[in-house]
Number of protein chains: 2
Amino acid sequence: MPTMKDVAKLAEVSVGSVSKYFNGIALKEKTKLAIEKAVKELNYEPNIYAKGLKINRTNTVVLIIPSIWNPFFSELTFHIEKELRKHEIKLILYNSENSIENEIQFITMSRQNKVDGIIAVTYSNIDKYISESLPFVSIDRFFSHKTNFVSSDNYSGGRLATEMLIKHGSKNLAYIGHGSKYSNDTISRLNGFKDYCSEHNIFNQICYNAGTREEFETEVDNFIKKFIITKKIDGIFSSTDAHAFYILEKLENLNISVPEDVQIIGFDGAKSSKREKNYLSTIRQDIEEIAVQSVKILVDTIENKENMENKTNVKIPVTFLSGKTTKPIL
Amino acid sequence: MPTMKDVAKLAEVSVGSVSKYFNGIALKEKTKLAIEKAVKELNYEPNIYAKGLKINRTNTVVLIIPSIWNPFFSELTFHIEKELRKHEIKLILYNSENSIENEIQFITMSRQNKVDGIIAVTYSNIDKYISESLPFVSIDRFFSHKTNFVSSDNYSGGRLATEMLIKHGSKNLAYIGHGSKYSNDTISRLNGFKDYCSEHNIFNQICYNAGTREEFETEVDNFIKKFIITKKIDGIFSSTDAHAFYILEKLENLNISVPEDVQIIGFDGAKSSKREKNYLSTIRQDIEEIAVQSVKILVDTIENKENMENKTNVKIPVTFLSGKTTKPIL
DNA sequence: TTGTAAGCGTTATCAG
DNA sequence: CTGATAACGCTTACAA
């Protein structure tokens, strides 16, 4: 592997000039040409690690998500990588698989690797592990006024879902959602639901469980028996698309027709690919915009490390996406 | 940021000893303790870039895929990251979006970043850009005997799909597949189909197009009109699940029943998540095994750079996954 | 077992 | 505009 020294020697200039050449600092045309020639000849490539050591910037950002094997996060990651690339920043990916131990370890490793910043979707309390001096953006989970935070407008989304259920003909509503031990912003979806219902005097039931996946599913099964089979509920707002699909499957097995007997609206709207058509009516999060904003905020704070104490808090609007699990509007 | 020097000073030992401490080289218990204490006190973290500069290994690997926003690649990436992590290797992710310019640029950047190796799913001819000295594993695309190569056993998969179509009751078969300007191994799926048909004297039609997505879809539309509506074909092997879904949608619009009028088998079997149930009958690629083998080969060649000229070529077996687009076996 | 010091490939300061 | 040289934080002979 050739180094700057080799280039300098061949071009008969000093290493300093070669360095300047690569950093776009003015040089005499003649030296520039000589360097260019030498670089080509030796097939020289700057060593970014040496540079990073020197200037203390690595142009690398870490992304921590529960699992890339999930349409929402894979869409999000796609856009984040794309945005980062515009700034010539590389993306290191970590799947935490919802383990707080992993999350903490990733953050430690990120510090060691001297990455320039972290974007994370984490559902544990990692407040204390993120260093004050390392730029950080949290997506979808607000845990402290001391961090930058980007998420969908979950509260409005909750209201919107509720409103749509009514507009499309439902009378008695249910919210079905899986909570988390740690507070995250999806609780706002429930709050939106609650508020809209009480403001409009809508009969409603809430099926909420913050236990394990299994516990949650048992609770859902019971809820369906109690309220759906008995036709007490004719509209369901599910806190996520994934849960909506689970409910859908259950209903199918019970021969309950969707949307005739009960309408369902989910939340997320992530598509496995751009071309996939949507079956589930849902509140679509603007994943691309979440990515764009997160990167923007991160890059801003990287470039303005002086005043890192300013924290930004952004809510991205959501939209209703009509599918086949709601009736047409009359 | 504290450095080794700071730790050494506080612990009243030399930097050499601190370094040894971090590299697991035997030290007297007393010095070890002193260092440990100083590290804690200063909250010291080794600087991996300085280390990388010195030892010429960065424990970083680049993964290049067309798009993480695709269930197949997101599942693949999930497993690759997980495997890599077992070796304490970090994953840098690039989405090429099928652009050869991007692919070439990523490879150049990977060299600059002194990553230890590259795993790539690429559909362009990048042979000449991958340096002889940089460990490289190609997935799903074989382009030279000079690279390591991992893929599913596409040929056997093609045969298996064909056999299953027949076993489940189809008589007249079609292969529908989108080719690529650049040769990739999915052509083996077609070959498996062809061979099985001719060995068993099965009537078959091939709908193959290597143009743009639009051209391909037009061709499929025409093919359906000509062969499916007229009931000349009652079994379709689609080269990928994504295309199978496209075909399914078309058939639905034409009121052709699946699997009654025509059975369909896809290829891939990637799930958006572990829990998603499968609707499409398909040939399931063992994505996890592809990931495991790719990482294994890459790590092996990283650790045996001396004899990098040995190239490995692995084919992973596939299995039939029964869904609702094939009839039950009588 | 430990310390010393050279050197990895850059950048940046400062003279020229 | 260019060259020399001291860092950057670490590893690794080699010496003690």
Side-chain angles (χ1 to χ4, degrees), chain A residues 1-39 42-60 88 108-116 133 305, chain B residues 1-39 42-60 88 108-116 133 305:
Chain A
M1 280 275 123
T3 72
M4 261 191 184
K5 234 190 218 158
D6 302 321
V7 175
K9 199 184 292 174
L10 185 62
E12 294 181 304
V13 299
S14 73
V15 279
S17 298
V18 181
S19 172
K20 287 185 183 89
Y21 169 82
F22 278 101
N23 290 292
I25 293 168
L27 286 181
K28 217 192 280 170
E29 196 59 24
K30 197 174 131 196
T31 41
K32 220 190 266 185
L33 256 36
I35 294 172
E36 213 153 84
K37 185 157 163 281
V39 167
L42 293 171
N43 221 293
Y44 166 76
E45 315 247 11
N47 180 327
I48 286 211
Y49 281 72
K51 180 173 179 168
L53 177 60
K54 195 68 190 145
I55 65 173
N56 227 16
R57 175 107 139 72
T58 56
N59 284 302
T60 306
E88 300 193 296
T108 307
M109 288 164 63
S110 303
R111 275 201 308 263
Q112 287 184 14
N113 283 288
K114 304 285 175 273
V115 302
D116 297 337
S133 60
K305 276 203 158 189
Chain B
M1 280 276 122
T3 73
M4 261 191 185
K5 232 191 217 160
D6 303 322
V7 176
K9 198 185 292 172
L10 185 62
E12 295 181 303
V13 299
S14 73
V15 279
S17 299
V18 181
S19 172
K20 288 181 183 96
Y21 170 81
F22 277 101
N23 289 293
I25 293 169
L27 286 181
K28 216 192 280 171
E29 196 60 23
K30 197 176 135 195
T31 41
K32 221 190 265 185
L33 255 38
I35 293 172
E36 213 152 87
K37 184 157 165 281
V39 167
L42 293 172
N43 222 293
Y44 166 76
E45 314 248 11
N47 180 328
I48 285 213
Y49 281 72
K51 179 171 182 171
L53 178 60
K54 194 68 188 144
I55 65 173
N56 227 17
R57 177 114 140 64
T58 56
N59 284 303
T60 306
E88 300 193 296
T108 307
M109 288 164 63
S110 303
R111 274 202 308 266
Q112 287 183 17
N113 283 287
K114 304 283 176 277
V115 301
D116 297 337
S133 60
K305 276 203 160 188

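Worth knowing before you read on, the calculation uses all heavy atoms, side chains too, and leaves out hydrogens, waters and symmetry mates. In the text below, chain A, chain B and the rest are named by the order of the sequence lines, each starting its count at 1. Only a predicted model underlies this, so the values are computations on that prediction, with no experimental measurement involved.
Checking C:dT11, C:dT4, C:dG9 against every side-chain atom of A:A50, the shortest atom distance belongs to C:dG9. With D:dG3, D:dT2, D:dT12 as the choices, the nucleotide that has an atom nearest any side-chain atom of A:V13 turns out to be D:dG3. You'll find that the side chain of A:A26 is closest to D:dC1, out of C:dG3, C:dT10, D:dC1. With distances taken from any side-chain atom of A:K51 to the nucleotides C:dT13, C:dT10, D:dC10, the minimum falls on C:dT10. Closest to the A:T3 side chain, of the nucleotides D:dG9, C:dG9, C:dT11, is C:dG9. Nearest to the side-chain atoms of B:I55 among the listed nucleotides C:dT11, C:dT1, D:dT11 stands D:dT11.
To the nearest angstrom, P of C:dT11 lies 13 Å from CG of A:L27. A straight line from NZ of B:K30 to C1' of C:dT1 spans 12 Å, rounded to a whole angstrom.
Between C:dG3 and B:S17, a contact under 4.0 Å exists linking OP1 or OP2 to a side-chain N or O. In this structure, B:S14 does not reach the C:dT4 phosphate: none of its side-chain N or O atoms is under 4.0 Å from OP1 or OP2. The shortest distance between the side-chain N/O atoms of A:Y44 and the OP1/OP2 oxygens of C:dT10 is below 4.0 Å. Note on A:T31: a side-chain N or O is less than 4.0 Å away from OP1 or OP2 of D:dT2. Phosphate contact (OP1/OP2 of D:dT11, side-chain N/O of B:N23, threshold under 4.0 Å): present.
DNA chain D is contacted by both B:G16 and B:L53; B:L53 maps to the nucleotide lying nearer its 5′ end (nearest heavy atom per residue).
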For residues 6-18 of chain B, which side-chain donor-acceptor pairs fall under 3.5 Å, sequence neighbours excluded?
from  : atom 1 : to    : atom 2 : distance (Å)
B:D6  : OD2    : B:T3  : N      : 2.8
B:S14 : OG     : B:G16 : N      : 3.4
B:S14 : OG     : B:S17 : N      : 3.3
B:S14 : OG     : B:S17 : OG     : 3.4

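At a threshold of 4.0 angstrom between heavy atoms, the contacts of A:K20 include nucleobase atoms, whether or not backbone atoms are also involved. Here B:K54 lies in heavy-atom contact (under 4.0 Å) with a base.
Between the side chain of B:T58 and the backbone N or O of B:K114 there is at least one donor-acceptor pair closer than 3.5 Å. Under the 3.5 Å distance criterion, the side-chain polar atoms of A:N47 are matched with a main-chain donor or acceptor of A:Y49. B:D116 contributes no side-chain N or O that, together with a main-chain N or O of B:R57, makes up a donor-acceptor pair within less than 3.5 Å.
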